[in-house]
Amino acid sequence: MSEINSFSDYAGRYNTNMDYSTLFGGGAPYIDNGMSGINVSDYAMIKNGSYGKLMKAYYANQDANKLSQTGDSSKTLMLMRSNADSLKKSAEALSDASLYEKKKFKKKDEETGEEIEVEDYDWDAITKAVKSFVEDYNSVVEQAGNSETKNVLRNAAWMTEITGKAGNLLSKVGITVGKGNKLEFDEETLKKKTTLANSSIEFDNISTLKSLFTGYGSFADKIAQKASAISSAAARTKGVDKIYNKQGAYSDTISKLFESTIDKKVGDQVKDKDEDKSSDKTSSKSKTDTNKGEKD
């Protein structure tokens with residue numbers, strides 16, 4: 001299994017140059033007088049718009065063939081996009097300032113066993129949010145480490161560099177960077193309180209959590225941005241985000257799995273529009289005949 005290290009490790013792995021010259025192969029007849037040797041058939045196709053559709057289909061096929069041979073599969077890219085989206089949501093959840101506000105709730109008194117109302121931070125909710133973030137982060141790192149899509153790898157590498165720079169603060173709330181740049185989480189450290197020297201004053205990790213996860217430019221904000229970039233990179237590759245159906249319209253990637261259904265729906269919509277037009281024409285003709293009859 002590959003690991004995410006740094007962007008420079010991946011820079012030499014990719015060559016994005018493609019030769020599309022075969023699309024413009026020779027043929028006859030040609031018009032040489034003032035049209036620079038344009039094929040008559042091609043000119044007619046350009047004029048009626050079918051040539052543009054042909055080119056789109058050709059390039060889409062070339063990209064698909066190239067990536068099916070050397071890159072990630074559509075299924076892998078879709079999973080990467082899903083994981084990156086989950087990471088973005090987890091980071092945004094940690095960015096919610098209300099998570100770090102004291103709340104009133106009931107708990108049992110350890111001495112009397114009675115249920116009393118207390119005001120404290122909801123450490124269970126905070127712990128759950130941090131744990132979800134760590135799990136989603138590690139899923140993205142693991143999958144990106146095995147990816148052959150350069151923009152996914154590049155953004156994932158940048159993401160791990162951001163995490164490395166925040167390492168000292170993260171360790172204070174129980175998050176450390178382990179093997180393969182995956183995160184490890186210690187719940188006890190998150191909830192641990194620090195006693196001020198030569199006093200009985202205790203400090204919790206709330207201020208550190210706020211510094212890490214809230215506000216523009218925070219660690220969570222930067223990770224959310226990189227997760228979004230990874231999702232977009234996966235979506236743009238291999239036509240994962242958008243594909244053409246039989247009507248030449250775009251549909252979502254997941255809809256590709258149900259392409260025949262999508263095409264049928266599009267076809268039904270076209271049919272309905274035609275029926276509506278026909279109905280309008282019939283209605284208009286009936287009104288004209290009625291008006292004519294009244295005049296007679």
Side-chain angles (χ1 to χ4, degrees), residues 4 72 74-101 103 121-147 149 151-167 169-178 180-187 189-191 205-206 208-238 240-242 251-257:
I4 297 293
D72 298 324
S74 293
K75 183 178 180 180
T76 298
L77 290 166
M78 287 171 65
L79 182 59
M80 171 58 73
R81 186 182 185 187
S82 176
N83 288 339
D85 289 342
S86 294
L87 174 58
K88 183 175 182 291
K89 289 180 181 178
S90 295
E92 289 174 344
L94 281 174
S95 300
D96 186 357
S98 66
L99 185 65
Y100 312 105
E101 295 176 356
K103 299 173 178 64
Y121 300 107
D122 191 344
W123 287 105
D124 289 341
I126 294 171
T127 302
K128 183 179 179 180
V130 173
K131 187 180 292 184
S132 294
F133 171 79
V134 169
E135 289 174 354
D136 291 336
Y137 181 97
N138 288 343
S139 293
V140 171
V141 168
E142 180 176 356
Q143 194 169 10
N146 294 299
S147 175
T149 302
N151 285 333
V152 166
L153 270 168
R154 178 168 56 189
N155 280 289
W158 285 340
M159 184 179 74
T160 58
E161 287 181 9
I162 291 170
T163 303
K165 290 177 181 178
L169 274 180
L170 287 169
S171 64
K172 291 182 179 181
V173 296
I175 301 173
T176 54
V177 181
N181 277 311
K182 287 187 177 182
L183 300 180
E184 298 174 359
F185 177 46
D186 180 10
E187 294 183 27
T189 301
L190 173 67
K191 300 174 183 178
N205 283 319
I206 292 297
T208 304
L209 286 165
K210 287 181 177 178
S211 177
L212 275 168
F213 299 124
T214 63
Y216 177 78
S218 65
F219 170 72
D221 181 57
K222 291 177 181 177
I223 296 300
Q225 290 179 32
K226 285 304 170 188
S228 180
I230 291 170
S231 175
S232 297
R236 288 194 302 268
T237 306
K238 214 172 194 176
V240 167
D241 189 35
K242 292 180 178 180
S251 60
D252 292 334
T253 303
I254 295 177
S255 296
K256 186 176 182 181
L257 301 175

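On a predicted model such as this, the values are computed, not experimentally measured, just so you know.
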- Query: Checking Asn138 side chain against Lys182 main chain: does a donor-acceptor pair fall under 3.5 Å?
  - Reply: no

- Message: Whether the side chain of Gln225 engages the backbone of Gly217 through a donor-acceptor N/O pair (distance < 3.5 Å, no angle test) should be reported.
- Response: no

- Message: Would you compute the distance between atom CH2 of Trp123 and atom CD1 of Ile206 and round it to the nearest 0.5 angstrom?
- Response: 4.0 Å

- Query: Do any N or O atoms from the side chain of Asn83 and from the backbone of Val140 form a donor-acceptor pair under 3.5 angstrom?
  - Reply: no

- Item | Note: Lys165-Glu161 ion pair, threshold 4.0 Å (strictly below) | no

- Note on the structure: Heavy-atom closest pair (Ala144 atom, Val152 atom, distance to 0.1 Å) is CB-CG1, 4.2 Å

- Item | Spatial distance of atom CG (Asp124) from atom NZ (Lys128) [nearest 0.5 Å] | 10.0 Å

- Message: Between Tyr121 (side chain only) and Leu99 (backbone N and O only), is there a donor and an acceptor less than 3.5 Å apart?
- Response: no

- Task: Of all the heavy-atom pairs spanning Glu184 and Gly178, show the shortest one and how long it is.
- Result: OE2-CA, 3.9 Å

- Minimal non-hydrogen separation, Thr208 against Lys172, with atom names: CG2-CB, 4.2 Å

- Is there a donor-acceptor pair closer than 3.5 Å between any side-chain N or O of Ser132 and the backbone N or O of Ala129? no

- With distance as the sole test, does Asp186 use its side chain to make a donor-acceptor pair with the main-chain N or O of Thr176 at under 3.5 Å? no

- Item | N/O donor-acceptor pair under 3.5 Å between Ser228 side chain and Ala224 backbone | no

- Spatial distance of atom CG (Leu79) from atom CD (Gln143) [nearest 0.5 Å]: 4.0 Å

- Taking the side chain as every heavy atom from C-beta outward, state whether Thr163 and Phe219 have any atom pair closer than 4.5 Å. yes

- Message: Distance check, rounded to the nearest 0.5 Å: Glu101 atom CD versus Asp96 atom CG?
- Response: 8.0 Å

- Query: side chain to side chain contact (heavy atoms under 4.5 Å, CB included) between Asn205 and Tyr100: does it pass, once the steps are laid out?
  - Reply: CA-CA 10 Å; Asn205 283 319; Tyr100 312 105; over 6 Å; no

- Crowding at NZ, Lys191 (>12 non-hydrogen neighbours, <6.0 Å): yes

- Message: For Thr149, is there any backbone N or O sitting under 3.5 Å from a side-chain donor or acceptor partner on Asp72?
- Response: yes

- When rounded to the nearest 0.5 angstrom, what distance separates OH in Tyr216 from OG in Ser218? 10.5 Å

- Do Phe213 and Ile223 touch side chain to side chain, with heavy atoms closer than 4.5 Å? no

- Message: I'd like to know if the side chain of Lys103 and the backbone of Ser98 have a donor-acceptor N/O pair within less than 3.5 Å.
- Response: yes

- Residues Asn146 and Glu142: side-chain donor-acceptor under 3.5 angstrom: no

- Shortest non-hydrogen contact from Ser211 to Leu169? OG-CD1, 4.1 Å

- Reported CD1-to-CG distance for the pair Ile230 and Leu87, which is rounded to 0.5 angstrom: 7.0 Å

- Phe185 versus Leu190, closest heavy-atom pair with distance: CZ-CD2, 3.7 Å

- Are Trp158 and Asn155 side-chain neighbours, meaning at least one heavy-atom pair lies under 4.5 Å? yes

- Please confirm whether the backbone N or O of Ser95 pairs with a side-chain atom of Thr214, one donor and one acceptor, at under 3.5 Å? no

- Item | Between Asp136 and Ser86, a side-chain donor and acceptor under 3.5 Å | no

- How about Met159 and Asn181: do any of their side-chain heavy atoms sit closer than 4.5 Å? no

- Would you name the heavy atoms of Ala233 and Asn151 that are closest together and state the gap between them? CB-CB, 3.6 Å

- Query: Is the closest side-chain heavy-atom distance between Glu135 and Ser139 below 4.5 Å?
  - Reply: no

